[in-house]
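Reading through the structure tokens given below for one structure.
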Amino acid sequence: MKLHNTLGRRTEDLVPIEAGHVRMYTCGPTVYNVAHIGNLRTFVFEDVLRRSLLLSGLSVTQVMNLTDVDDKTIRGAAAEGLALNEFTEKYAREFFRDLAILNVQPAEHYPRATDHVPEMIALIETLRERGHTYESDGSVWFRIATFPEYGKLSRIDLTAMRRGDRVADDEYEKEDVKDFALWKSAKPGEPSWRSPFGEGRPGWHIECSAMSMKFLGNRFDLHTGAVDNVFPHHENEIAQSEGATGEPFVDMWLHSEHLIVDGEKMSKSKGNFYTLADVLARRDDPGALRYLFLSVPYRKKLNFTWEGLTGAATAVDRIRSASARLAEVAAAGSSKPGAFDAASRAKTFLAAFRGALEDDLNTPEALGAVFPFLREVNSAIDENTLDAPGADAAGEALRTADQVLGILPAEREVLPAEIEAQIEARTDARRRRDFAEADRIRRDLASRGIVLEDGAAGTRWKKG
RNA sequence: GGCGACGUACCCAAGUGGUUAAGGGAGAGGUCUGCAAAACCUUUAUUCGGCGGUUCGAAUCCGCCCGUCGCCUCCA
């Protein structure tokens, strides 16, 4: 598995610290509002990473944090007159619901910042002992001058930074513009915790250092997020973690690019700010959005358009239809030896599919391997040269690919008996050549979201 | 100002030195079908933003130019 490491800006082989096992930390949400589709792109990227690692035969321990105390959550809770934890729980539930809808596999751990304040305090104390901090007005700051490697991830040039006007207006006192808060002194009416440095709350960056090292050890394999995390968040995490342990923190840093809408940055004022619910209201198929995400490499900007979503939905339907068709052929149990060597074709397909993913998660190329395979399989079915074992092998390959794609239905849905009866009645009508009645039933079911397709083997239905 | 990314058909997009430039969507024509849908077949880039250069050979490497965008400040 080759991955592009932001640290060094090179694509390199993943060599797990512990053979066969990958430990990864994926920066999670700040639970202060409903996720937008840009956030979701990042979470789907991390899901594809996880699933690709698993497909490659590696085991994975994934940690995703929930930031449930920071300026935004405190402000939001105050605005809604809720206790901080009531406020954040609401959005945490929304977050997990979105992930489930998008068929994102759960991580092993979802630590919340407020459950790990003692760990953060301990880490700050270590940094203090090692001379990386200073305090003023009850706040604790990381002194960047004590960490010479600062900037190695983002390649930021500190000498170019100047003390600007913004800093003069800052409510806190710090020595240098780039120094950042490890601990913020309590303000009236805000949640706070007791600490050796006084009442206060943790800074944002320290939570990820403390929680990642708690669950994954001082050094682990992968750390991911979206590009905007490179600076300052991840740069600061490195400074804190390596400053505290004196060891390398993370081997490979992966960052996904942003999603834009109609060529522009998503923003509420432009009216192009979409949540999952907005997308599903327009196209009730989470798989379509997932597919759309996968059709662009994670390191390229993704331009979301409704036209693109519609196209993705069509493509997803093709894959699902082919899968359903294969299941039918496999179930029909024809043992007549087929001329089409599905088993060997399935093998070459999967090799190409896997190869693409192992090349820095090249999902567009992986998808490019799917369709020629489907076309050949469909042709073989049309020409009656695919036998049941072959259909089984092809279907199995498709399900293997779907371990990463995540767009096939978990199992065949069963229709309500009443609808089944309608389909039966229509088959009868067609036998009687009462096409008016047959078309009436088909239209009726279509209006209820059930699309019928007549084939040689009978009538098949799908949701439309 | 500093750092960086990108520009391949109507749209999305793979391809980063060498067969006819993947694949998907959309459009057009056709086969099949009671009709439809699905599926399949055919079709849509002598060309990869522009101009130079390196090379036997470049979409792929180098330079310049044009254009789009990001980060440097909370932001996935």
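Just so it is clear: chains get the letters A, B, ... in the order the sequence lines come, proteins before strands, and each one is counted from 1.
Residue contacts for A/Ser321: at a heavy-atom cut-off of 4.0 Å it reaches no nucleic acid atom on any strand shown. Among the protein residues, A/Arg41 comes within range of no part of the nucleic acid, since none of its heavy atoms lies under 4.0 Å from any strand. Using a 4.0 Å heavy-atom distance criterion, A/Arg440 is classed as making no nucleic acid contact. Within 4.0 Å of A/Leu452, counting heavy atoms only, lies at least one base atom of the nucleic acid. Looking at heavy-atom distances under 4.0 Å, A/Gly368 makes contact with a base. Contact annotation for A/Pro29: no contact, since no heavy-atom pair falls under 4.0 Å across all strands. Residue contacts for A/Arg9: at a heavy-atom cut-off of 4.0 Å it reaches no nucleic acid atom on any strand shown. At the heavy-atom level, A/Phe95 lies nowhere under 4.0 Å from the strands shown. In this structure, A/Gly308 reaches neither bases nor backbone, as no heavy-atom distance under 4.0 Å exists between it and the strands shown. Across all strands, A/Lys72 comes closer than 4.0 Å only to sugar-phosphate atoms, never to a base (heavy-atom distances).
Of the C1' atoms belonging to B/rC61 and B/rG67, the separation is 22 Å, rounded to the nearest Å. Using atom C1' as the reference point in both B/rU47 and B/rG7, the two lie 15 Å apart (nearest Å). B/rA14 and B/rC72 are spaced 32 Å apart, taking the C1' atom of each and rounding to whole Å. Going from the C1' atom of B/rG53 to that of B/rG17 covers 16 Å, rounded to whole Å. The separation of B/rG4 from B/rG18, taken at their C1' atoms, amounts to 31 Å, rounded to a whole angstrom.
By the criterion of a centre-to-centre distance under 5.5 Å and near-parallel planes under 30°, the ring of A/Phe435 forms a stack with the base of B/rG34.
Protein atom CG of A/Asn303 is 21 Å distant from nucleotide atom P of B/rA5, rounded to whole Å. For the pair A/Asp439 CG and B/rG34 C1', the interatomic distance rounds to 8 Å; values are reported in whole Å. B/rG25 atom C1' lies 8 Å from atom OH of A/Tyr291, rounded to whole Å. Here B/rC74 presents its C1' atom at 14 Å from CD1 of A/Ile74, a figure rounded to the nearest Å. Protein atom CG of A/Asn33 is 11 Å distant from nucleotide atom C1' of B/rA76, rounded to whole Å. Here the C1' atom of nucleotide B/rC69 and the NZ atom of A/Lys300 are 13 Å apart, to the nearest Å. As a whole-Å value, the separation of A/Leu259 CG from B/rC69 P is 16 Å. Protein atom NE2 of A/His258 is 16 Å distant from nucleotide atom P of B/rC69, rounded to whole Å.
Under 4.0 Å is where a charged nitrogen must lie from a carboxylate oxygen, and between A/Asp444 and A/Arg448 at least one such pair does. One finds no salt bridge joining A/Glu437 and A/Arg432 here, because no Lys/Arg side-chain nitrogen approaches an Asp/Glu carboxylate oxygen to under 4.0 Å. A salt bridge between A/Arg442 and A/Asp439 is present, with a side-chain N of the basic residue lying under 4.0 Å from a carboxylate O of the acidic one. A salt bridge does not link A/Arg51 with A/Asp402: every distance from a Lys NZ or Arg NE/NH1/NH2 to an Asp or Glu carboxylate oxygen is 4.0 Å or more.
One finds a side-chain N or O of A/Tyr32 lying less than 4.0 angstrom from the OP1 or OP2 phosphate oxygen of B/rA76. Proximity of A/Arg318 to the phosphate of B/rG24: a side-chain N or O atom is located under 4.0 Å from OP1 or OP2. Under 4.0 angstrom from either OP1 or OP2 of B/rC71 there lies at least one side-chain N or O belonging to A/Lys265. For the pair A/Asn378 and B/rC40, the criterion of a side-chain N or O lying under 4.0 Å from OP1 or OP2 is met.
Of all nucleotides listed (B/rA14, B/rA38, B/rA76), B/rA38 comes nearest to the side chain of A/Lys462. Picking from B/rA14, B/rA76, B/rA37 the nucleotide with the shortest atom distance to the side chain of A/Met266 gives B/rA76. Candidate nucleotides B/rA38, B/rC40, B/rG70 were compared by shortest atom distance to the side chain of A/Asp382, and B/rC40 ranks first. Considering only side-chain atoms of A/Pro297, the nucleotide from B/rC41, B/rC69, B/rA14 that sits closest is B/rA14. In the set B/rA76, B/rG15, B/rG34, the nucleotide with an atom closest to the side chain of A/Arg426 is B/rG34. When each of B/rG70, B/rC41, B/rG24 is scored by its nearest atom to the side-chain atoms of A/Ala315, the top-ranked nucleotide is B/rG24. For A/Glu453, the side-chain atoms get nearest to B/rA38 when compared with the rest of B/rC69, B/rA38, B/rA13.
For the pair A/Val370 and A/Ser154, both in contact range of RNA chain B, the more 5′-proximal nearest nucleotide belongs to A/Ser154.
Across all strands shown, B/rA14 remains unpaired; no Watson-Crick or G-U wobble contact has both distances below 3.5 Å. Across every strand in view, B/rC48 sits unpaired, with no contact that passes the Watson-Crick or G-U test at under 3.5 angstrom.
If you check the side chains of A/Thr275 and A/Asp278, you find a donor sitting under 3.5 Å from an acceptor.
The base of B/rC35 lies close enough to the side chain of A/Asp454 for a donor and an acceptor atom to sit less than 3.5 Å apart. A/Arg442 contributes a side-chain N or O that forms a donor-acceptor pair with the base of B/rA36 under 3.5 Å.
Between A/Phe220 and A/Tyr25, the angle of the ring planes lies from 30° to 60°, which puts this pair in the tilted group. The aromatic rings of A/Phe353 and A/Phe349 sit tilted, their planes meeting at an angle between 30° and 60°.
Judged purely by atom type and a 3.5 angstrom limit, A/Asn229 has no side-chain atom pairing as donor or acceptor with the backbone of A/His234.
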